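Small disclaimer: the values here were computed from a predicted structure and weren't measured.
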Amino acid sequence: MSTSAAKRAAGFSLRNADSDDLDNINDVIAAAMDTWDLAERVKRISLPLYRYQPHDLAHLQIVVAESGASGIVGVAALEQASAGDFPAEPSTSILHGLYVDPAYHGKAVGSRLLKRIEEIAAATDASGLLVKAQQEAVGFFAHHGFNTLPVEDESRDYPYRLWKRFS
């Protein structure tokens, strides 16, 4: 079975996002955020900060998971890290976001998006991938080979930073 046939057989395919996808991408982000263990007020205030805008397409590599029946069901975004994000590594990429529609949790959407983002980052000669995750997602990333980074400076370091070195 070809790679594209295998992806369709799994119920969704992956592709690069374009500006026509932004409304659907932002709907997936809102649905995913709604499952987070945060106060409703915090979600409401934070949501606009998580939404992607047209100018983000110039700075981020955004990949979507698309189901023929449901449209976009997942999204992942990648960006190049600045030297201050992870000074121990000269060339790092950051997983800017990984969101899956709750109806598609447990169906490998997040895993496949993460794998694609890792492939894209590795192709840019990044030495690894840095993630600043929600607490609830730490187990997902650990399952995929990420290691938790220690908090060295509480005023600077996000508490749930994870790192995966590419081999």
Side-chain angles (χ1 to χ4, degrees), residues 14 16-17 22 25-53 55-65 72-167:
L14 303 180
N16 291 332
L22 288 172
I25 287 170
N26 290 328
D27 288 346
V28 169
I29 292 170
M33 281 185 69
D34 199 41
T35 68
W36 295 357
D37 188 21
L38 296 172
E40 291 304 314
R41 180 177 183 276
V42 172
K43 291 177 194 178
R44 187 181 70 252
I45 291 169
S46 301
L47 181 58
L49 303 173
Y50 284 86
R51 292 184 183 277
Y52 291 119
Q53 304 298 324
H55 66 270
D56 291 320
L57 294 169
H59 305 287
L60 301 172
Q61 174 76 41
I62 301 176
V63 177
V64 295
I72 294 175
V73 298
V75 59
L78 179 73
E79 68 179 317
Q80 282 302 119
S82 66
D85 287 319
F86 194 33
E89 294 292 329
S91 176
T92 300
S93 290
I94 295 177
L95 178 63
H96 187 272
L98 176 64
Y99 309 94
V100 176
D101 183 309
Y104 282 79
H105 285 183
K107 298 184 181 192
V109 174
S111 296
R112 291 251 316 275
L113 282 166
L114 179 58
K115 184 176 191 296
R116 173 66 64 86
I117 288 295
E118 289 177 3
E119 293 167 353
I120 294 168
T124 67
D125 293 328
S127 57
L129 188 61
L130 179 67
V131 176
K132 297 176 184 175
Q134 290 294 320
Q135 182 178 10
E136 298 90 355
V138 169
F140 170 84
F141 289 109
H143 175 76
H144 288 282
F146 285 77
N147 297 301
T148 302
L149 295 172
V151 174
E152 296 172 2
D153 179 349
E154 289 187 16
S155 68
R156 182 196 72 206
D157 294 345
Y158 187 79
Y160 308 109
R161 294 178 314 139
L162 298 104
W163 165 252
K164 182 176 184 178
R165 177 177 294 286
F166 299 142
S167 45

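A donor-acceptor contact shorter than 3.5 Å links the side chain of Glu136 to the backbone of Asp37. Side chain of Arg161 to backbone of Pro150: a donor-acceptor contact under 3.5 angstrom is found. Side-chain N or O atoms of Asn26 include one that pairs as donor or acceptor with a backbone N or O of Leu22 at under 3.5 Å. Judged by distance alone, with hydrogens and angles left aside, the side-chain atoms of Lys43 form a donor-acceptor pair with the main-chain N or O of Trp36 at under 3.5 Å.
Within the 4.5 Å cutoff, no side-chain heavy atoms of Val75 are placed close to those of Leu113. Looking at heavy atoms from C-beta onward, Leu129 lies out of side-chain contact with Ile94 at the 4.5 angstrom threshold.
For Ser46 against Met33, the heavy-atom pair with the smallest separation is CB-CE, 4.1 Å. Closest of all the heavy-atom pairs between Ile117 and Ala76 is CG1-CB, 3.6 Å.
For residues 92-139, the set of pairs meeting the ring pair (Phe, Tyr, Trp, His ring centres under 6.0 Å) definition, not counting sequence neighbours, comprises Tyr52-His96. Identified under the ring pair (Phe, Tyr, Trp, His ring centres under 6.0 Å) test for residues 124-151, with sequence neighbours left out: Phe140-His144, Phe141-Phe146.
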Point to revise | From CA spacing to verdict: side chain to side chain contact (heavy atoms under 4.5 Å, CB included), Ile29, Leu47 | key: CA-CA 8 Å; Ile29 292 170; Leu47 181 58; 4.3 Å; yes
Exercise for review: Begin from the C-alpha positions of Lys115 and Glu118 and carry the test salt bridge (charged side-chain N to carboxylate O under 4.0 Å, His left out) through to its verdict.
Suggested key: CA-CA 5 Å; Lys115 184 176 191 296; Glu118 289 177 3; over 6 Å; no
